[in-house]
Every structure is written in structure tokens, then in C-alpha cells.
Amino acid sequence: MKYGKLWIVYLSVIWVTSCSATQTTDTPSSVGNATSVNTEPVVPEYISQLVFKFSSDIEPTIGSNAASTLYLQTWSTMRRAGPDIPSDTDLGKGITRWADQPVVSMTHKEAAERAVRSLSQIALWGTAERYSSGLILKSFITVPDDARSGGVLKAGWSIDYGEKKYPIHFPATEVEWGAIVLDEGSIAELERPFGIPIYKDRESDVTIGYMTGAVRALMFDVGAAKVVDAGKSGWVRYPAIGGRNRSTVASAVGGITRMMRGDYSGAIGLFTQIIESNGALRLSNEIDIRLLRGICIELQGKSGLADFEYAYQHNPFSNAVIEHLLGGLLSSNNKSSLADTNKRARAVLFQSSTFLNPNSAIGQLAAEVF
Amino acid sequence: MRLSSLVFYGLLVVISTTTQSAMAQSKTDIYMFRYNVALDDGNTELEDHRLSEFVKIIRDKLRQLSHAPDVPADLKLELERLKLQKIENSQGDWSVNTLSIEQMHSLWRQRNALGVFDGRIIKDDGVLKARTRVFFGDLNHSLTDDLQIDLLLVDAQYDTTRDSHSAIVLYAMLLAEIGLIGDSKEIDCSNAENGRSLVSLAIVPAMDAAETSVSLVPVRDAITSLGQRLGRECQS
């Protein structure tokens, strides 16, 4: 069989190749595992939000104007002082940036890369599209995992045990937010081809210019902002996208930004507004917000267990949710070791260890402690 | 028979078996019949448009699934290959389902399908509604055979439409991945890592959709139940 052996070799190569293609199990790089970053995390000089012009095949004007509105809404969440902020607390600086070029078919990975290039810690992007007889804004939140944001987020929650700190991965780094359905009034306002009008004053209808993207906001009122654009100062009355004052997605971006600035009470306020909003908040979004609020409560020295338990009740298969619940139980155990806490932790470990990342430091610690 | 011939034929058998096994695991095509129209106003243009939009947003959502973080590399490849394909007749037109159950099974097997969507467009209180039926072929699902997903073709149901169909697709992938196919009623724990990832992925759109559409509650419960089974039977 002269060519028989050649065929055996040929078929063997094919077989080995096809087996490799189906059995590759490269260790995925997790967004939460910032351990791939070797540089020492640098707490940035300021926290920056990056808002992209929303892309749209059919409605570019609406996408652009809607994003301009969300830009102002997210900016309105920035604060340096408040009745709940101690006077000696410095929250540092906050900036909202505008990305003028939408990227068609953007992904979280691309949004993260662009945010890092523009020195931003959080990005809001999305699309405007027609569906049925209406118009939908689909938005996404990306928190890039790099040294800067890692530095900020690593200053967040961790569990102390012995002499070590066990960080818990930030839960909401790539979020798909619930669709905003635009009503007819908003669509009419957003269809303006020159941009959102800038008026002479708060109540006037005299137009002095148009907001087409980045402006500098001086102050905010409900549904309006005083801005400076091209040297002229005036008022923008922005369309009621997702609510008269602020959409839940803008509040979410604002809440995460406040967390990064150490303004935990402010973040809790925004997250609570989102949870209690009367609009249809998707359960997956609510779970993310509950985890974030729980973290902020823990960082204030109190227990975030109620929020973590809520999240776990609705999604016991999520590594992030399980880690946060275990973290909350460990934190509670650190304060005062109670039989109920032990019992609950053991039950969670028993029910959910299969869905916990085997490399989870918090999971390993919980197994050791409880 | 010489030894080299024995080795040759032995290899052929092994390659054939492994390839079949690989093909059975790599089900990434979802087929869709054109939905039957049950309207009496003859407004086919509107119905065509709504159906096209319906397909587009489901396709967009399926494309996004591969971008989920923390997914094993081989599963990511499968998610990237997920495709919603229209079933066409010999003239290349999107065709309505006229097949018997046996023929549906044949189609499912021949095309190595993950699932087949079929359905109707009806009017409900003056509003267009899509009623989807899902054919899972030989996958051992725990849903009733007459499961119907009802969704109004209105902007307010945009998210639910995307979530519901992606949840069903992910559920089907999960069944295939953990070997619940044909006569097998036992979970194949060798693929438990992918199975767990798929449960984590599937439960999110399933629970979102179930909040707004009661017809998705059984799908959410089926995914939850499978997740619990995986947890019990495939301890890591």
C-alpha cells in the first residue's frame, strides 16, 4: 500500500487539528481580573465620563441629539459638595467628555480602548433605531479595566482577613441598559437638524445657537442646563429622554462615577433613584445597581447584604453576584461572628460553588472562613 | 490484513466518530420559517416590514452574545458562529412552514440545526403580534411541545423580543453542550464549564423577558432548573 501510510499521516493531521479546534480551553482573560496589569495603579487626577455620539443607520440626527442630551444628563450628576458630604472631603475633579465620532457596530472592547485613550474611566455609547412605529435608544455602559480605572476601582471594596486584602471584582464593567422608547414629543425635539437649541435665557424662545456636542455646563435645573458654547452663554432645555430630569442610564453612569470619586452617599442616592424609578427597569440592570449600591453601603461601614441577597435571589448563577454575597457575609462576619451568618454562607457555598470562578479569591476565603 | 491497513481503517473510524461528535456539539444555526399571516386586512407590506424588523433585532442580539465577558474560548467561537437563517424554497423565497413533524425532525438533523423558529403574525386589539413556536429537534428540553412565545410588535417590546429569542437560543445551546440530546437524559459533565457559562448567559435575558412576557416564564424556569442540575451533578 504505497500511499496508504501517507493517507494515514494526512488524516491524522486533520483529526488532530479538528480536535484542537473544539477542545481549546484557553484561560479567558476576565475583565474583573485586573491582575494582568503589572504597573502600580495610579489614582487619576480627575474622573472622566466619555459620552459617544450615538450611531444610527437611519436616524443620525436623532442619535446625535439624543447623545447630546445624555451628555448633559450625565454631567448633571457631577458634584463636588453636598449636604451629605463632610466639608473636609475632597472628591477631586470630574469631567464629562464628548466623543464626536460614533463607531458603527461598536463593542464594549472598542469603547474601553477609546475611553482609555481619552483618559476616561467610564463610557456611555449606543444606537438610535426605528422599531415598529417608534424610536429606540439602546445604550451601553463600559468601564475599562486598565491601570487608571483599576486604580480607582481597586480603591473600592475589598475584604480584610489576617494581613491580606481580598478585592472583589467590580460587577458592572460591561452593561447593556434597557431600551429607552422615545415618545413623539421627544422625537420631534430630537429631529432638529442643527442640534438642540440654546436659548437666550431659561424661559426665552430666542435662539442664540445650537448644541451639537460638547459644551461647557455652568449650572443645572430640572430638564435644563445653562451652558457656554462658542463663547456664548445660554440655556438648553433638553428633551425628556427617559424621564423629565434624567434617564436611569445617565443616573447609572453618574452613580458609578460618584463611586469612583469616593462619594458613596451620592452614589447611593442615584442608585436608589434608579431602583425606585417608575419606569420599566430591567431586572438585569436592577441586579447590577443593587450590587453597586450594596458595595457603597459596605464602604460606608454598614451592611450591603440586603442588596446582595436580592441579587442572589434573582440570579444565583452569576459569579459576580455570588462573590458579592459571600463578600457581604465575610464582612458581616468580620464585624461580629454570628451563627446565622455562618449558616447562610455555608448554604451559599454549597448551592453555588459550581458557578463560582475557581480562581475567586473571595470564594476561596469564604470556604476557609466558613 | 496488514497492520498498516488496520491502523488506517481504525483511524478512519475514530476520525469519523470524533467529527460527528464535534458536529453534534457545534450547533450554531437557528432556522426560521417565514411567519404565517393571519390578518384579514391584506396589509402585507406593513406585516413584511414588521417581520423584517423583528428578524433584524434578534440577529443583532445574537451577534452581541459573543462579546460577553468571562466566556471560555471555545464557547466564544461557537457564540460568534451563531446565525439566524431564513428557510428558503427552491426559488430563493423565504418560505412558510408546510412540513410535518417527521419532516421537521429530518430538516433539523440534516441542517445540524440548533432550533427552528416558526410562527404566525396575528392582530391583537388592533396591534400586530408575533407568535413564535420553537422546534428543538432531538434536544431533550423540559418545555411543553406547544410552547408559544407571544410578543407584540411594538417599540415597548423591543428588549423583550431580543431577550426572549436569545434566551431560547442559549437554552438550546446549553442542552446541546451538556449532551441532553437524543436518548441521553444524563448531563455530560465533561462540558460543565461551558454549560455553566451558558446558564449564566441565558438566565439574564430569560429573567428579563419573563418579567414582561408570561410566555417566557417556562423558559426561565427551565434554564434555572438546568442550572441547579448542573450545580448538583457536576461539582467542580
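Below, chain A is the first sequence line, B the second, and so on; all start at residue 1.
- For the atom pair CD1 of A:I136 and CD1 of B:I57, the computed distance is 8.0 Å after rounding to the nearest 0.5 Å.
- To the nearest 0.5 Å, the span separating CD on B:Q157 from OH on A:Y131 amounts to 8.0 Å.
- Residues B:L230 and A:T354 form no side-chain contact, since every pair of their non-hydrogen atoms from C-beta on lies 4.5 Å or further apart.
- Proximity to chain B is absent for every atom of A:Q351, based on heavy atoms less than 4.5 angstrom apart.
- A donor-acceptor contact shorter than 3.5 Å links the side chain of B:S200 to the backbone of A:F317.
- When B:V204, B:T161, B:I203 are compared by the number of non-hydrogen pairs under 4.5 Å with chain A, B:I203 comes out ahead.
- Atom CD of B:E186 has 12 or fewer heavy atoms from other residues, nucleotides or ligands within 6.0 Å.
- Using a 4.5 Å heavy-atom threshold, the side chains of A:F140 and B:Q64 count as touching.
- Considering only heavy-atom pairs separated by less than 4.5 Å from chain B, the leading option among A:H314, A:E176, A:K109, A:H108 is A:E176.
- For A:E286, no part lies under 4.5 angstrom from a heavy atom of chain B.
- Between A:K138 and B:D159, at least one side-chain N (NZ, or NE/NH1/NH2) sits under 4.0 Å from a carboxylate O, which counts as a salt bridge.
- In this structure, the side chains of B:M207 and A:R282 stay at 4.5 Å or more apart for every pair of heavy atoms.
- For the residue pair B:D155 / A:S132, no side-chain donor-acceptor distance below 3.5 Å is found, with atom types taken as modelled.
- Here the OG atom belonging to A:S318 is positioned 10.5 Å from the CG atom belonging to B:L201, to the nearest 0.5 angstrom.
- In this structure, the portion of A:T107 lying under 4.5 Å from any heavy atom of chain B is its side chain and not its backbone.
- Rounding to the nearest 0.5 Å places CD of B:E53 at 9.5 Å from CZ of A:R130.
- In terms of non-hydrogen atom pairs under 4.5 Å with chain B, the most contact-rich of A:G134, A:P316, A:S284 is A:S284.
- Contact count against chain A (heavy-atom pairs under 4.5 Å) is highest for B:D163 among B:D163, B:N194, B:T212.
- Heavy-atom pairs under 4.5 Å with chain A were tallied for B:H49, B:H67, B:R50, B:E211; the largest tally goes to B:R50.
- Considering all non-hydrogen atoms of both residues, B:Y158 and A:A179 come closest at CD2-CB, 3.7 Å.
- With a threshold of 4.5 angstrom between heavy atoms, B:R63 does not approach chain A through any atom at all.
- Under a cut-off of 6.0 angstrom, the local environment of CZ in B:R120 is sparse, with at most 12 non-hydrogen atoms contributed by other residues, nucleotides or ligands.
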